[in-house]
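Data block below; observations after.
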Amino acid sequence: MSVPTTDTVERKGLSPRQRAQRSRWIQYAILVVMVLVAAFTANWGQIADVFFKPEFIKSAFENGMLDALVKTLEYTAGAFVIGLVGGTILALMRLSSVGPYRWLSTAYIEFFRGLPAIVVFIAFSLLPLAFEGMTIPWDPYGVVWLALGIVAAAYMAEVIRAGIQAVPKGQVEAARSLGMPAGLATRKIVLPQAFRIVLPPLTNDLILLVKDSSLVFIIGTAADAYELTGFGRDLANTEANLTPLVTAGFCYLIITLPLGILVRRLEAKAARTR
Amino acid sequence: MALVEIKNLNKSFGSNHVLRGIDFTVEQGEVVCVIGPSGSGKSTLLRCVNLLEQPQEGQVFVRGEEITDRDCHLDAARQQIGMVFQQFNLFPHLSVLQNCTVAQITVLKRKQAHAEQIARANLERVGLSEKVTAYPAQLSGGQMQRVAIARALSMDPALMLFDEPTSALDPELVGDVLTVMRKLALDGMTMLVVTHEMAFAREVADRVVFMDGGVIVEQGPPADVIGNPQHQRTRTFLRRVLDPTHVEPTS
């Protein structure tokens, strides 16, 4: 029987740590070169003129960028409410023991989830062709909320369904054993817990909705109903300069970045309580 | 008239025949403990009493009303049957007080103040009056189970079902829950308890039911069933439960 010796083992070459370090230095070097090339080759004066011209930023706000920002928020908020209510109904239908409810909601969800939102918007813009004389109330809000909400409901239904299914079965049993009818148990016990579970992914859907509201221009809203993208695009065209559109882009970030931070906070909180 | 009467109850999960023709009654004011090995069907029997499990065959009567009748007002019948679960199943999004009032307000249509008064009285009964504003996550297992008992009692049930109420608890917390249950029994509550706590069954139960393989093997006063079992299966089970380190000569 051999006795293990205390002699050190000879190994050749770099250790895994040294190799990882070397490859990282190479990556940094490539990055620095790319930045330097970009910095020296680009025509910064022209880029600043086309994208970030201060006077156009000023004129964008003077001409109603803030109104467009408010419109974006209004369109998003209304669509979110429709999506939330519709999504909840669809999720409950999908989990129903009644066959036709399940089939209907599955068909709806698969249809609108598989369709590009832009197709739905184009269809909405052509709606008057199919239904002559039909008007959707609260113009322009009604059409926008409906078009955005119809698509959002399909996405949210799947999220909410997952949340409902994540509520332990014992919760329903406890509620039913106290004499609560099924509907009451769902409303008072299951849904409040389900929404708590899906708050982070629902906030994510809200962010997507903020951006999807930019598709509204396809419906062909009047100029005074422009949201950020429509407004920025219009102004960029008339002034032959991209600055208004870039400004509109930053306005989106003003909305979406805090929401993103909120999602991360909510996720961290959910992880803690679990 | 018996408070609970069960006739020829049969229940299967797929090909697994869990209850095989159970006949069983619980009298008003009686404390019945159901014991038996795991998989013997004792929890399923308990869950059939308030129809959380739907039996394939047989009848269940509670206060003379057949709850297995398809046209029975099941929710109304369940109001008089309190149930305590192994995993507590408290509502985590509601405070301790709201856990005890939500069904009173929504189902019994009690005014909020009245419901809270009843809830506080029951929380005091289980020794948790200082926890009314806490949330379930802030409680220990023993405290959660006592809240669950208070929640069930707040509906003024005629019967209380306990499904292994201490099995999920740390050993040092079991006593608190059993003390509350003992007090409840002394107050005259009708109780049907599935349990592995033999000392509790021996002391508190009026009758002990031993189940194995989906049938009731024997039942009677605890001194007989636990103290002097007649069936070999009962003896084997009790020996294993009362002395877990005991090694069977054959094994």
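Lettering follows sequence order; numbering is per chain, from 1. Side chains are part of it too, since the values below use all heavy atoms of this structure and drop only hydrogens, waters and symmetry mates.
For residues 126-144 of chain B, heavy-atom neighbours of chain A at less than 4.5 Å comprise no residues at all. Residues of residues 145-163 of chain B lying under 4.5 angstrom from chain A, judged on non-hydrogen atoms, are Arg151(B), Ala152(B), Met155(B) by number.
Of the atoms belonging to Ile81(B), it is backbone heavy atoms, and not side-chain ones, that fall under 4.5 Å from chain A. Of the two parts of Ala175(A), the backbone and the side chain both hold a non-hydrogen atom closer than 4.5 Å to a non-hydrogen atom of chain B. Only the side chain of Phe85(B) comes within contact range of chain A, judged by heavy atoms closer than 4.5 Å. Heavy atoms closer than 4.5 Å to chain B are found in both the backbone and the side chain of Ile189(A). For Arg176(A), the parts sitting under 4.5 Å from any heavy atom of chain B are the backbone and the side chain alike.
Crowding of Gln165(A) atom CD: a count of heavy atoms from other residues, nucleotides or ligands under 6.0 Å exceeding 12. Around CZ of Arg265(A), the count of heavy atoms belonging to other residues, nucleotides or ligands within 6.0 Å does not exceed 12. In this structure, Tyr101(A) places its OH atom where only 12 or fewer heavy-atom neighbours from other residues, nucleotides or ligands lie under 6.0 Å away. For Gln56(B), the CD atom is densely surrounded, since the number of other residues' heavy atoms within 6.0 Å is greater than 12.
Looking at every heavy atom in both residues, Gln171(A) comes nearest to Leu90(B) through NE2-O, 2.8 Å. Looking at every heavy atom in both residues, Gly179(A) comes nearest to Gln79(B) through CA-CG, 4.1 Å. When every heavy atom of Gly170(A) is checked against every heavy atom of Asn89(B), the shortest pair comes out as O-ND2, 3.2 Å.
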> Can you check side chain to side chain contact (heavy atoms under 4.5 Å, CB included) on Met180(A) and Arg78(B), steps first, answer last?
Replying inline: CA-CA 9 Å; Met180(A) 288 191 188; Arg78(B) 278 175 174 154; over 6 Å; no
>> Checking Phe91(B) against Leu178(A) for the side chain to side chain contact (heavy atoms under 4.5 Å, CB included) test, could you report, in this order, the C-alpha distance in whole Å, the side-chain angles of both residues, the deciding distance, and whether it holds?
In response: CA-CA 12 Å; Phe91(B) 305 133; Leu178(A) 288 166; 4.0 Å; yes
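Here CG of Asp75(B) is found 11.0 Å from OG of Ser177(A). Values are rounded to the nearest 0.5 Å.
The candidate from Ala76(B), Gly82(B), Pro92(B), Ala77(B) with the greatest count of non-hydrogen atom pairs under 4.5 Å with chain A is Pro92(B). If you tally non-hydrogen atom pairs under 4.5 Å between each of Ala185(A), Pro192(A), Ala174(A), Ala182(A) and chain B, the highest count goes to Ala174(A).
Distance alone, capped at 3.5 Å, is enough to place a donor-acceptor pair between the His93(B) side chain and the Lys188(A) backbone.
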